[in-house]
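Written out below as structure tokens is the structure these notes cover.
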Amino acid sequence: MPEHAISPTRREDYPEWYQQVVRAADLAEQSPVRGCMVIKPHGYAIWERMQGILDRAFKATGHQNAYFPLFIPVSYLEQEAKHVEGFAKECAVVTHHRLELAPDGRLVPAGKLEEPLVVRPTSETIIGAMYAKWIQSWRDLPVLINQWANVVRWEMRPRLFLRTAEFLWQEGHTAHATAAEAVEETLRILDIYAAFAEEHLAMPVVKGPKPSAERFPGAVDTYSIEAMMQDGRALQAGTSHFLGQNFARAQGIKFADTTGAEAFCWTTSWGVSTRLIGALVMTHSDDDGLVLPPRIAPTQIVILPIHRTPEERAQVLAASRQLEARLHAERSADEQLRVRIDTRDMRGGDKVWQHVKQGVPLRVEIGPRDLAAGVVSVCRRDRPPKERVSLPLDGFAAQAPALLAEIQQGLFERAAAFRAARTVTVDSQADLVARFREDGAAEAGQGGFVRAHVADDPAVAAVCDPLKVTVRCIPMDGDDEPGRCIITGQPVARRSILARAY
RNA sequence: CGGGGCGUAGCGCAGUCUGGCUAGCGCGCCUGGUUUGGGACCAGGAGGUCGAGAGUUCGAAUCUCUCCGCCCCGACCA
């Protein structure tokens, strides 16, 4: 038997390891259409967990869900100059609406559309057009709407979950009477994203505004949460944009204020996508497959009955069901425990490894010997796969929430320690260059996050581009030590995070 | 879109340079048996238009051309 369930290991070939984990965990696979993916039940179950948690957070802050169309008239996209520039080249365009059977048996597009339709790459334009109709008075504000949808961006280099032509996401779009209120909304959502990443995904993130070059097309300010993957690269895990009045002006989103004067709204937009699943994989998984933090895991505890004879089977299954019922009565992080008994008729070893590869946080084995001793055998996914401890059956259910919480906490701490070990503060251009010169991203101590004073200036990109490094964001919760840009010498208020990114 | 690598059974591969029996191997799958606290063993079996198309040839997985897809690196991005 190989030493690990996943081959190659992270160290041997990180990108290939990622793909193998996705496959071994049965999360998704390639579709016949280039760049698209089939999200399989286990992958989709994780997405549903994410949806449920975020949706509650959005509703709790006054947002409502709605749905806007997939197709956007090309003319809508033309309204905001920078937005056009940013998205035009990656749009999928529908030009026909009918297929006809040709003599050779092929179906050919027939009815040409008057105006081509863009498959939404994001919905600012179509939603803005509706807001322009809906909003008339200050009494109509704020408008706080979210939609769960799919979007299409015709990417050149797709990668399962991380960058696909079609992906699922939520996009929030809000309109406000004042700039301050819109900025507050932008930051409120950023906080929701950061809390979600850290508390549920056990994924430490850095949050902060992006430099102008990294801004969303048409935004005044873009804020992001940035996570570090196990190869030291950064991954943007969520964004929240303060759009100022740019879209409002372009689309005529106006209202009469309390004095009766006409004013443009201040708008925001924000989103997270199925990319978070990729982030989850690359944050916690190991050379045996996926590792899921308990709070996001669709199944937190799997009970594995072990038996040979029909009598043993009956006995063990009864005990399993009883344990399941007791576990269901327990709560962890304000939710009922998610437990499954795996009674499938297959070899025990195969079954165990399947759950290892799928990242189930706790495996509980119950066999005749356990029953006789009044214990269960418990394996934790954050420990080596063969490590097992016997715990008294009686107290186990009551103990389970604490065990899950401990795993959750441990995963967060491990990720935070990893990030800390690969984050360095740098105070000269030479040190920055030295840090990224070698392409040793997988090597310990290389790559990672660099904290440095840099100005929002094209000269910075000139130095970073050859290193394949970008300024990820300017952390908001770090220290506010002012300094001078290590490249241009301009004074800057605090350090930024620089890294190679996905 | 540029550079590199690769497409042979569900997965991983050999065979391709040097064209020639019925296209192989490991894992997986199905059946039967022996097993059973661990990704087992024995026996039997199913499964492939060798990425697609065209060409050269008596004969193509193998040679030529075109196309498609995947992966890595670059430009672009959530």
Side-chain angles (χ1 to χ4, degrees), chain A residues 1-5 7-8 13-20 23-24 26 29-37 85-91 121-122 150-171 193 210 213-217 222 224-227 234-241 269-279 288-289 304-309 312-313 316 346-357 363 365-373 375-377 379 385-386 388 390 439 441 465-466 468 470 472 500-502:
Chain A
M1 270 304 112
E3 211 162 315
H4 296 290
S7 166
D13 184 347
Y14 192 83
E16 181 61 22
W17 163 84
Y18 171 78
Q19 306 211 121
Q20 294 303 328
R23 186 166 66 175
D26 215 20
E29 64 185 55
Q30 250 359 110
S31 86
V33 179
R34 180 191 154 75
C36 295
M37 64 176 163
E85 217 180 290
F87 283 106
K89 27 182 207 314
E90 57 191 39
C91 282
T122 178
N150 58 338
V151 286
V152 168
R153 297 181 188 175
W154 215 259
E155 297 289 349
M156 297 170 200
R157 261 184 66 195
R159 213 142 149 12
L160 287 174
F161 291 115
L162 301 176
R163 198 189 300 102
T164 47
E166 179 191 17
F167 56 92
L168 307 183
W169 77 347
Q170 58 70 213
E171 48 180 325
Y193 288 161
K210 292 208 161 253
E214 302 282 324
R215 248 178 236 149
F216 175 78
T222 285
S224 73
I225 54 171
E226 301 281 334
L235 186 131
Q236 179 173 310
T239 50
S240 187
H241 315 291
S269 69
W270 27 274
V272 298
S273 70
T274 39
R275 181 181 238 204
L276 282 175
I277 298 173
D288 292 313
L304 301 161
I306 293 160
H307 48 76
R308 289 175 247 186
T309 63
E312 283 179 354
R313 183 183 148 86
V316 164
M346 57 191 282
R347 291 199 58 79
D350 291 333
K351 202 189 268 191
V352 166
W353 279 100
Q354 203 170 80
H355 292 293
V356 171
K357 289 187 280 195
R363 305 189 301 280
E365 304 175 354
I366 303 185
R369 256 188 258 162
D370 296 306
L371 286 185
V375 299
V376 285
S377 299
C379 304
K386 311 242 170 175
R388 241 186 318 166
S390 285
D439 191 4
D465 284 355
K468 293 170 260 168
T470 49
R472 302 313 304 160
R500 289 190 179 141
Y502 275 97

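The model shown is predicted, which means the values in this text are computed figures rather than measured ones. Labels below follow one simple rule: chain letters A, B, ... track the order of the sequence lines, proteins then strands, and each chain is numbered from 1.
Side-chain atoms of A:R347 and base atoms of B:rA40 include a donor and an acceptor less than 3.5 Å apart. Contact of A:R153 with B:rC77 (side chain to base): no donor-acceptor pair of N or O atoms is detected under 3.5 Å.
Contact annotation: the side chain of A:Y193 never approaches that of A:T239 to less than 4.5 Å [non-hydrogen atoms, C-beta and beyond]. Contact of the A:R472 side chain with the A:K210 side chain is registered, since non-hydrogen atoms from C-beta on lie closer than 4.5 Å. A:R363 has its side chain within reach of A:L304: a pair of non-hydrogen atoms, C-beta onward, lies under 4.5 Å apart.
Both A:K357 and A:Q20 sit near RNA chain B, but only A:Q20 has its closest nucleotide nearer the 5' end. Looking at which nucleotide of RNA chain B each of A:A165 and A:D350 is closest to, the 5′-most match is held by A:D350.
Using a 4.0 Å heavy-atom cutoff across all strands shown, A:Q354 reaches no nucleic acid atom at all. When heavy atoms are screened at a 4.0 angstrom cut-off, A:L276 is found touching no nucleic acid atom at all. Using a 4.0 Å heavy-atom criterion, one finds that A:G278 contacts no nucleic acid atom at all. Using a 4.0 Å heavy-atom cutoff across all strands shown, A:T274 reaches no nucleic acid atom at all.
A straight line from CG of A:L162 to C1' of B:rC71 spans 14 Å, rounded to a whole angstrom. Regarding A:L160, its CG atom lies at a distance of 7 Å from the P atom of B:rC71, rounded to whole Å. A:R159 has its CZ atom 12 Å from the C1' atom of B:rC73, to the nearest Å. Distance, A:Y14 OH to B:rC73 C1': 18 Å, rounded to whole Å. In this structure, CZ of A:R23 is placed 15 Å from P of B:rC70, rounded to the nearest angstrom. Across the protein-nucleic acid pair, A:K89 atom NZ and B:rA78 atom P stand 10 Å apart, rounded to whole Å.
Residue A:Q30 places its side chain closer to B:rC71 than to any other of B:rG12, B:rC71, B:rC77. Across B:rG37, B:rA78, B:rC76, the shortest atom-to-atom separation from the side chain of A:Q236 is found for B:rA78. Comparing atom distances between the A:T164 side chain and each of B:rG39, B:rA78, B:rC76 picks out B:rA78 as nearest. Of the candidates B:rG39, B:rG37, B:rC77, the closest approach to any side-chain atom of A:R388 belongs to B:rG37. Closest to the side chain of A:P368, from the set B:rC72, B:rG37, B:rA78, is B:rG37.
A 3.5 Å limit on both hydrogen-bonding distances identifies B:rU31 as the Watson-Crick or G-U partner of B:rA43. In this structure B:rU66 sits in a base pair with B:rA52, meeting the Watson-Crick or G-U test at under 3.5 Å. B:rG24 and B:rC13 make up a base pair, with Watson-Crick or G-U wobble contacts both under 3.5 Å. Of the nucleotides present, none pairs with B:rA78 by Watson-Crick or G-U wobble criteria with both distances under 3.5 Å.
Residue A:E312 holds its CD atom at 10.0 Å from CZ of A:R369, rounded to the nearest 0.5 Å. Atom CZ in A:F216 sits 4.5 Å away from atom CZ in A:F87 (nearest 0.5 Å).
Nucleotides B:rG69 and B:rC27 are separated by 25 Å at their C1' atoms, to the nearest Å. For the P atoms, the distance linking B:rU16 with B:rC21 amounts to 13 Å, nearest Å.
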N/O donor-acceptor pairs under 3.5 Å from side chains in residues 159-169 of chain A, not counting sequence neighbours:
residue, atom, partner, partner atom, Å
A:R163, NH1, A:R157, O, 2.7
A:T164, OG1, A:E166, O, 2.8
A:E166, OE2, A:N150, ND2, 2.8
A:W169, NE1, A:E171, OE2, 3.4

